[in-house]
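One structure below.
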Amino acid sequence: MDCEDIEECADISSAASSWKYPSKVVLAFCAARCSFENVFTDKLDQELTYLKGVGPTKSELLKKELGLASIRDMLMDYPFRYEDRTLVTPIAELKGDNQVVQLRGVIENLTVVGGGRKKRLTGKLRDQTGKVELVWFRGIKWLKENLKTNTPYTVYGRASRFRSKINIAHPEVELYNPKKPSSTTFVPVYRSTERLSASGMDSKGRRKVMKAIFEQLSAKDLPEHLPEYLVRKMRLLPYHKAIATIHFPVNSNALLEAERRLKFEELLLLQLDVVKHYKARRITENGHVFESIGPLFNTFYRDHLSFELTGAQKRVLKEIRQDFKTGIQMNRLLQGDVGSGKTIVALMAMLMSIDNGFQGCLIAPTEILSQQHFQSLQSICKGLDLRIGLLTGSVKGTHRKELLKLLRLGEIHILVGTHALLEDHVQYQNLGMVIIDEQHRFGVAQRARLWEKGRDKKPHVLVMTATPIPRTLHMTIYGDLDVSTIDELPPGRKPITTLHKTEYHRPKLIKFIKQEITKGRQVYVVYPLIEESAKLDLEDLNNGYEKLLHHFSPPEYQISVVHGRMKQEEKDFEMQRFVEGKTQIMVATTVIEVGVNVPNASLMIIENSERFGLAQLHQLRGRVGRGAEKSYCVLMSSYRLSEEAKERLSTMVRTQNGFEIAEVDLHLRGPGSIEGTQQSGLPMLRIAHLTRDREIMLTARKIAERILDQDPELDAAHHAKLKQYLKKYTKRSRDWSRIS
Ligand code: ADP
Ligand code: MG
């Protein structure tokens, strides 16, 4: 219900309740008063209980199990696939690969096997080409009494392989009547759960409910909400037609058209929301203007840069420079693969800031990374008139006091550190540029706290990440960030050879480790860390460590061990020993994932690699291949792997391109699983897919931009319905309240 005038509604309902109207009447009255649109559409808000064949028990279950409470919910819960019932597969061609198939044949040898909970009914379906086993665990009695032998049946179900034999569990069976072929050839398949199925609300049951719903509805119950000019120009199916077709398509062409319409609509709403939010931020957030390129930048570029910037680095610097001129606060995501040279770009952005009289700061997620950044910045900037400070938890006492004083006086130009930079007593004279490294460790809230560190205006923010995000996704979830991409590695990088091996190859691996160490190289051995079973992980790591000790014992070899249960100081100490080359092997859980730089490390061994996500594997592999030497990454796994794990590991072996890996990851896991998306307020997409529907997304983006350019508040009469629909759709009410 969409109340334009909530107070008025409240009045009516309280008055009505004192007259002792049943509350349903009040609600209906209220709905009618609030928006006359709803007079036509409130049929959709009807509860499911009143539908033919549903009733209170089933409607309660639908709500509980799938969150479906109204007719609208049911209409919006699209089938997740369709069965093409024009195809009949010959039994001999079954692969047992879990595909849903339609078969035709006679049922033989019906037998009840086992007892108690293992009791089941088995039978064979035979056609001209062969036989396949059918199994039922429920409804045994009824089936046994009713299934006919010597009579052809049509059978639908999932053909799976069980102990090397193919069978179909719980097939749908239907007497085959050649004179009356089934009316629907394209059958929708709906979500269900075990409990729902048990009460008759399996896909088939839900299909019946959908039929009942459509019997009640007419086209005017599903009015068009997209502007007419768009429907015409994009040749979209009208809304009511699209909805009817998505549930009961007559053929595959109609289905495609319905999908196109609904996907476009969904992505248009999404993009309207994102673009509106983005535009609003650009209106409200003033930023410092850095007019000129000054002496620091120029000197650095001329005398300190020992290499030519890559084309991508130059392009990104131009984008940043452009932002500095606009008077709008920069909020930019810089993504580039590990080793693509983000740090230099960040430094040069800070130099621009300093040349214009502002300080800069660089935040890293760990103490050791802060130290590394500090040291490398100092060495690259040697000879420049520039003071760099390091502030971490371990900078204490008078040293800390002195540092903070210099910062306040503006005598420190760049401050490097951990979260400590966010503490209240850290005061800058004039902070103009904030760099955040490895963004996924920082939440939105922390970013916001940093903004407050600026004096009168928020500082410009550049967030660096080595976990690339496909374009369609960042266009969506990082709506408030502009994105720059370094998609080119500095020349001369040697590709890392990645191998996938199993336990069988362990002796060879040990030999290989020895060879690398003899050459003076260092080695990482990484174990997965899974929150739920931290104890098990530690066991894995300890066992692995013990085994390694057999082959690599002191004093000849030194091993560092780092895991999540250690104190920060202990971790830093162990890491430092490895960084300094005092140990040759680093055995660790994923704590090393973020950014350590040990160019001498040339071999990365990832144990139980099937338990890592793709993004993590890619990050980990990025720890090697940083020096002049040829580097290797060995993915150890057990012999038996799920299809998905195989895909992950083979992707790693095949490519080193972070963007390609991110696309595969998104494809395998879905966008919701990508770090940051949960908190992003990304609305659930029912039908569109962020990567597969890329083209539609790009169109929707363009159109959303054009609409909002011309009608920023969607106040035009021809956008009235769209505006209303968008309001309903968007969960981000804060954006709307701020804008309107
Ligand atoms: P990341 O993007 O992972 O943060 P870094 O900024 O740490 O990458 O750069 C990795 C290494 O590459 C550093 O040693 C850096 O000096 C070097 N580097 C950066 N840009 C270039 C370039 N254009 N040509 C050659 N080497 C470069
Ligand atoms: Mg880096």
Side-chain angles (χ1 to χ4, degrees), residues 333-343 364-366 368-369 372-373 436-442 463-470 473-474 485-487 489 493 495-500 522-531 537 562-564 571 575 578-579 586-599 601-627 631-637 645 647-666 668-669 673-677:
L333 181 71
L334 171 56
Q335 53 175 1
D337 227 330
V338 265
S340 62
K342 297 184 290 293
T343 316
T366 65
I368 190 135
L369 261 176
Q372 286 196 352
H373 271 309
I436 303 177
D437 193 14
E438 303 295 353
Q439 147 268 348
H440 58 284
R441 298 291 163 116
F442 282 96
V463 180
M464 302 195 287
T465 177
T467 310
I469 300 153
L473 192 60
H474 69 55
T485 304
I486 303 186
D487 49 6
L489 290 179
R493 286 282 155 81
I496 301 166
T497 299
T498 303
L499 305 161
H500 175 202
Q522 286 165 284
V523 180
Y524 291 105
V525 182
V526 181
Y527 288 85
L529 179 95
I530 295 175
E531 299 296 336
D537 290 326
V562 174
H563 58 76
K571 284 192 223 169
M575 292 284 236
F578 187 68
V579 171
M586 158 70 77
V587 179
T589 49
T590 35
V591 285
I592 61 153
E593 180 194 343
V594 169
V596 279
N597 191 25
V598 181
S602 63
L603 175 57
M604 164 69 66
I605 296 158
I606 305 180
E607 299 284 351
N608 302 323
S609 58
E610 71 270 33
R611 283 164 59 188
F612 289 88
L614 260 178
Q616 241 183 343
L617 289 172
H618 180 60
Q619 286 277 331
L620 283 170
R621 180 169 58 184
R623 300 305 113 209
V624 295
R626 303 187 146 225
S631 293
Y632 302 86
C633 173
V634 181
L635 306 169
M636 296 297 283
S637 83
E647 174 86 35
R648 264 181 273 138
L649 299 184
S650 67
T651 302
M652 286 297 292
V653 170
R654 184 181 73 237
T655 179
Q656 222 178 302
N657 180 327
F659 288 91
E660 199 179 326
I661 290 171
E663 292 279 359
V664 175
D665 196 30
L666 191 61
L668 288 178
R669 299 196 305 159
S673 55
I674 289 198
E675 217 142 1
T677 45

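Here the structure is a predicted model, which is why all the values come from computation and not from measurement.
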Inset, instruction - Drop me the distance from Y632's OH to T497's OG1, to the nearest 0.5 angstrom. - result: 5.5 Å

Inset, instruction - For residues Y524 and A601, report the shortest heavy-atom separation together with the two atoms involved. - result: CE1-CB, 3.6 Å

Inset, instruction - Work out which heavy atom in A364 is nearest to a heavy atom in L369; give both atom names and the distance. - result: CB-CB, 4.0 Å

Inset, instruction - Check side-chain hydrogen bond (donor to acceptor under 3.5 Å, both in side chains) between D487 and all other residues, then give those that pass, not counting sequence neighbours. - result: none

Legend entry - Nearest heavy-atom neighbours spanning Y527 and V587: CE1-CG1, 3.9 Å

Inset, instruction - Considering non-hydrogen atoms only, spot the tightest contact between L635 and H500 and give its length. - result: O-CD2, 3.3 Å

Inset, instruction - Provide the closest heavy-atom pair for K342 versus G336 in the form atom of the first, atom of the second, distance. - result: NZ-O, 2.9 Å

Legend entry - Sidechain-backbone polar pair: R648 side chain, F612 backbone, donor-acceptor under 3.5 Å: yes

Legend entry - Which residues share a side chain to side chain contact (heavy atoms under 4.5 Å, CB included) with S602, sequence neighbours left out: E516, R521, S631

Legend entry - Residues M652, L614; criterion side-chain contact (heavy atoms from CB on, under 4.5 Å); working and verdict: CA-CA 8 Å; M652 286 297 292; L614 260 178; 3.8 Å; yes

Inset, instruction - Tell me yes or no: between the side chains of H373 and T343, is some donor less than 3.5 Å from an acceptor? - result: no

Legend entry - T651: side-chain hydrogen bond (donor to acceptor under 3.5 Å, both in side chains) partners, not counting sequence neighbours: none

Legend entry - OG-CG distance between S609 and L617, expressed to the nearest 0.5 angstrom: 6.5 Å

Inset, instruction - With sequence neighbours excluded, tell me which residues meet side-chain hydrogen bond (donor to acceptor under 3.5 Å, both in side chains) with S650. - result: none

Inset, instruction - Supply the atom-to-atom distance M636 CE to I606 CD1, rounded to the nearest 0.5 angstrom. - result: 11.5 Å

Inset, instruction - Would you check if Q335 and F659 make a side-chain contact, meaning some heavy-atom pair closer than 4.5 Å? - result: yes

Legend entry - Note, V525 side chain near E607 side chain (heavy atom, < 4.5 Å): yes

Inset, instruction - Among M604, M586, Q616, find the one that has a side-chain contact (heavy atoms from CB on, under 4.5 Å) with V526. - result: M604

Legend entry - With sequence neighbours excluded, residues passing salt bridge (charged side-chain N to carboxylate O under 4.0 Å, His left out) with E647: none

Inset, instruction - With rounding to the nearest 0.5 Å, note down the distance linking CG in D337 to OG1 in T485. - result: 11.0 Å

Inset, instruction - Give a yes or no answer on whether the side chain of N608 reaches the backbone of R611 with a donor-acceptor pair at less than 3.5 Å. - result: no

Legend entry - Any residue meeting side chain to side chain contact (heavy atoms under 4.5 Å, CB included) with Q656, in chain and number order, not counting sequence neighbours: P495, I496, R621

Inset, instruction - Kindly give the heavy-atom pair with the smallest separation between I605 and V523, and that separation in Å. - result: CD1-CG1, 4.0 Å

Inset, instruction - Would you mind reporting whether D665 and H618 have side-chain heavy atoms less than 4.5 Å apart? - result: no

